[in-house]
Amino acid sequence: MAKTIWVLVEIEDGRPARSSLEVLSKAAHLGRAEAIVLGSAAATVAPSLGEFGAEKVYVHADPTYDTYLTLPAVDTLSALLQRQQPDLLLFPTTYDVRDIAARLSARHNLGLITDATDLRYEGERLEVTVPWGGENVVVATHPYQGTGIVLARPKAFSVERFEGRQAEIEQLTVTLRPESQQMKILDRVEVQSEGPALEDASIIVSGGRGLGKPENYRLVEELATVLGGAPGATRAIVDAGWLPYSYQIGQTGKTVKPTLYIACGISGAIQHLAGMKGSKYIIAINKDEHAPIFSVADLGIVGDVLTILPQLIEEVKRRKTQL
Amino acid sequence: MKIFVCVKQIPDPNTVESKLDPATKRLVRTGVSLVLDPGDETTIAAAIKLRDSLGNSELTAISMGPASAQEALRRALAMGVDRAILISDPALAGSDVLGTARTLAAALKRENPDLIFCSTESTDGYTGMVPGAIAEFLGLPQLTFAREINVEGTKAVIKRVTQTGYEVVESPLPAVVTIASGSFEAIYPTMKGIMSARKKPFSQLSLSDLGLDPSQVGEAGAREQILSIGKAEARAAGQIIKDEGNAAEIIADFLQRHQLL
Ligand SMILES: Cc1cc2nc3c(=O)[nH]c(=O)nc-3n(C[C@H](O)[C@H](O)[C@H](O)COP(=O)(O)OP(=O)(O)OC[C@H]3O[C@@H](n4cnc5c(N)ncnc54)[C@H](O)[C@@H]3O)c2cc1C
């Protein structure tokens, strides 16, 4: 029998979030994908989800979900779980969804596997691939019959189109409890950065502590600009207050998969590699020839970033005018 | 106010890469140096800062782990925490997210906390799921990914880190709060702190003290299972060149060759 898989679809700027669509596409390959979409824009988003693999979409277009974190969504999913038992809840790893998944797991005693980069069914058994540390991967499962939860790592799956697929739409009629309206969003503040967003950039130039001091990060930004890419950073310099968290790449920051990643003065700690080693080409500049970043680099330059970056910016500008 | 902070002892991430034992499929804890999770140091710093600004408050660190985890709690005490609780029981070995959260929640429930701090995620397991599950077991709201926290009367207000900036989120107390790494200045134990830590209250609890059934926790209660451990695919090694003044050209050639200009 085909497995039934629920995907919680988040909305970003009035559209389904890409991380949600990645997971929805994967779910559609594994079995019967059903999407759940909540919030004031849910009704407008729902009809498009068939095209990304959903056979059915549960919709609750209530603005309460936009203002109150976690609990209203948990209640709604919980009510749905009382009605039906899907085989799997396959969710994207995002700030909000992580919180929802943790509570849902506790409320319904559902096994929870996080950070999945792949999954499949071997007969009846679900097998989930999860990277562990720098060198290992583990295969995990839910050791019981019944629903389980898996959170997928961003960018683990690609968004696919299922041409002509039309999802059946069901309007949910749950009543949202006032007791669950507790974590209230009072304000949302966007910290603007120029150029393409890290997640969408095909070129990323990233800087680390090897830049020496905050002012030198400007070299990374400049190279990113001339290449038409986005600037990123290691946690070391984010923690040191050089840049906001939104720049951080790695295990506890963003996962990126650009065509080109240029690491400048970055040692290559496993937690950093976890967020960028899926890049197609990696160039590293580091003055220490034993820096671990060189083990993943297609081109490694042993040298001083502060000397090389200004030269490289000029060289790229020169060649671009010749092209 | 009664403030709690959940902490964990882990293999030192700065000296060893955490390893799984192929036979038991659990984290290898023997023969490695164990430390208080560095993420928890930030969280403890946040909790101490809040306790001191509120006044008339007590801060307790709580940990689930083997007897060795005492050391991590001693460090928390040396940093300035007032009291420590260790939950230790052979039946807890092999606990997953739910087993861990259930155990911590049971111990916290007896204490009627006003605020429970956790790190956003642990450095070795990094599922980030335990705090939310604790909140659910206790029926409390959760304020997550906080990089700033203020308590105003019976409410807490945080700045919550998001993909593109932050949100200001408020919730009634009691609540569970998770602290984003690096958001607070670390506190280093002083000699005086270390000395006074020895005299601070330290209690130890077993499963039966908490009224938990061994079937709900540890390996027996686990809802996730590791089937196998394998090697990750390595990237093919590239070319490493020493800069002799022409690095910019070498890189630009590479970019041009791969149509990246
Ligand atoms: C739980 C946990 C989660 C983490 N999550 C993340 C994460 O998401 N992202 C992340 O990045 N890190 C993360 N880290 C931190 C990670 O372990 C490293 O500490 C961090 O990535 C190091 O940053 P860095 O490379 O900038 O600094 P360093 O490790 O200090 O490296 C600086 C490098 O610059 C080189 N250098 C110095 N001067 C020059 C020069 N003039 N020219 C060229 N090279 C020079 C040095 O040789 C060195 O290799 C995490 C750690 C933990 C414990």
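Proteins get letters first, then strands, A, B, ... in listed order; numbering begins at 1 in each.
- Within the 4.5 angstrom heavy-atom criterion, atoms from both the backbone and the side chain of A/Pro143 approach chain B.
- Looking at A/Glu315, the atoms closer than 4.5 Å to chain B (heavy atoms on both sides) all sit in the side chain, from C-beta outward.
- Of the listed residues (B/Leu260, B/Ile250, B/Asp243, B/Val168), the one with the most heavy-atom contacts under 4.5 Å to chain A is B/Val168.
- In this structure, B/Asp40 contributes its side chain and B/Lys8 its backbone to a donor-acceptor pair below 3.5 Å.
- Using a 4.5 Å cut-off between heavy atoms, A/Ser105 contacts chain B through both its backbone and its side chain.
- Between chain B and the residues A/Thr70, A/Leu186, A/Thr129, A/Asp96, the largest count of heavy-atom pairs under 4.5 Å involves A/Leu186.
- With chain B as partner, the option from A/Thr252, A/Leu71, A/Leu309, A/Ile203 having the largest number of non-hydrogen pairs under 4.5 angstrom is A/Thr252.
- Among A/Ile285, A/Val316, A/Val139, A/Val138, the residue with the largest count of heavy-atom pairs under 4.5 Å with chain B is A/Val139.
- If you measure heavy-atom distances from A/Tyr68 to chain B, you find no contacts under 4.5 Å at all.
- Interface residue B/Arg102: only side-chain heavy atoms are found under 4.5 Å from chain A.
- Proximity to chain B is absent for every atom of A/Ile313, based on heavy atoms less than 4.5 angstrom apart.
- Looking at B/Leu115 and B/Leu173, their side chains come closer than 4.5 Å, going by heavy atoms from C-beta outward.
- Only the backbone of A/Leu110 has a heavy atom closer than 4.5 Å to any heavy atom of chain B.
- Checked for salt-bridge contact, A/Arg18 and A/Glu12 miss the test: no charged N lies under 4.0 Å from a carboxylate O.
- When heavy atoms are compared at a cutoff of 4.5 Å, A/Tyr144 approaches chain B solely by way of its side chain, counted from C-beta outward.
- Of the listed residues B/Leu140, B/Val97, B/Asp96, the one with more heavy-atom pairs under 4.5 angstrom with chain A than any other is B/Leu140.
- The existence of a salt bridge linking A/Arg103 and A/Asp75 is excluded, since no basic side-chain nitrogen approaches an acidic carboxylate oxygen closer than 4.0 Å.
- Remark: B/Leu210 CG to B/Leu92 CG distance equals 8.5 Å, nearest 0.5 Å.
- Interface remark: of the candidates A/Thr93, A/Val137, A/Leu312, A/Asp239, A/Val137 forms the most heavy-atom pairs closer than 4.5 Å to chain B.
- Neither the backbone nor the side chain of B/Asn246 comes within less than 4.5 Å of any heavy atom in chain A.
- The backbone N or O of A/Asn109 lies less than 3.5 Å from a partner atom in the side chain of B/Arg223, making a donor-acceptor pair.
- Of the listed residues (A/Lys320, A/Arg107, A/Gln271, A/Gln311), the one with the most heavy-atom contacts under 4.5 Å to chain B is A/Arg107.
- B/Ser119 contributes no side-chain N or O that, together with a main-chain N or O of B/Ser122, makes up a donor-acceptor pair within less than 3.5 Å.
- Here B/Phe117 contributes atom CZ and B/Thr42 contributes atom OG1; the two are 12.5 Å apart, rounded to the nearest 0.5 Å.
- For a residue to count as touching a neighbouring chain, one of its non-hydrogen atoms must lie under 4.5 Å from one of that chain's; by this rule A/Leu104 does not touch chain B.
- With hydrogens and angles ignored, the 3.5 Å screen pairs no side-chain donor or acceptor of A/Thr141 with any backbone N or O of A/Glu127.
- For B/Ile134, no part sits under 4.5 Å from any heavy atom of chain A, backbone or side chain.
- The CD atom of B/Gln216 sits 9.0 Å away from the CG atom of B/Leu207 when rounded to the nearest 0.5 Å.
- Here CD of B/Glu167 is found 8.5 Å from CD1 of B/Ile158. Values are rounded to the nearest 0.5 Å.
- Only the side chain of A/Ile283 comes within contact range of chain B, with heavy atoms under 4.5 Å apart.
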Per-pair distances, 0.1 Å, donor-acceptor, side chain in residues 272-280 of chain A, under 3.5 Å, sequence neighbours excluded:
residue, atom, partner, partner atom, Å
A/His272, ND1, A/Ile249, O, 3.1
A/His272, NE2, A/Tyr261, OH, 2.9
A/Ser279, OG, A/Met276, O, 2.6

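- Both the backbone and the side chain of A/Arg98 come within contact range of chain B, with heavy atoms under 4.5 Å apart.
- The contact between A/Leu112 and chain B is made by backbone and side chain atoms together, counting heavy-atom distances below 4.5 Å.
- Here A/Val189 pairs with A/Asp187, B/Tyr166 under the side-chain contact (heavy atoms from CB on, under 4.5 Å) rule; sequence neighbours left out.
- If you take CG on B/Leu108 and CZ on B/Phe4, they are separated by 6.5 Å, rounding to the nearest 0.5 Å.
- Of the atoms belonging to B/Gln256, it is side-chain heavy atoms, and not backbone ones, that fall under 4.5 Å from chain A.
- Look at A/Arg318 and A/Glu314 and you find no salt bridge, because none of the NZ, NE, NH1 or NH2 atoms lies under 4.0 Å from a carboxylate O.
- The most heavy-atom pairs under 4.5 Å with chain B, out of A/Lys287, A/Glu289, A/Lys254, A/Gln248, come from A/Lys254.
- Put simply, of B/Ala175, B/Ser171, B/Ala222, the one with the most heavy-atom pairs under 4.5 Å next to chain A is B/Ser171.
- Using a 30° and 60° split on the angle between ring planes, A/Tyr281 and B/Phe254 fall in the perpendicular class, above 60°.
- For B/Ala156, no part sits under 4.5 Å from any heavy atom of chain A, backbone or side chain.
- Both the backbone and the side chain of B/Leu261 come within less than 4.5 Å of a heavy atom in chain A.
- With a 4.5 angstrom heavy-atom cutoff, A/Glu199 touches chain B only via side-chain atoms.
- Within the 4.5 angstrom heavy-atom criterion, atoms from both the backbone and the side chain of A/Phe294 approach chain B.
- Neither the backbone nor the side chain of B/Ala101 comes within less than 4.5 Å of any heavy atom of chain A.
- Note: B/Ser228 leads B/Pro172, B/Ala133, B/Ser228, B/Gly238 in heavy-atom pairs under 4.5 Å with chain A.
- We find that A/Asp66 and A/Arg188 are not joined by a salt bridge, their nearest charged nitrogen and carboxylate oxygen being 4.0 Å or further apart.
- Using a 4.5 Å cut-off between heavy atoms, B/Thr120 contacts chain A through both its backbone and its side chain.
- By the 4.0 Å N-to-carboxylate-O rule, A/Lys184 lies too far from B/Glu170 to be salt-bridged with it.
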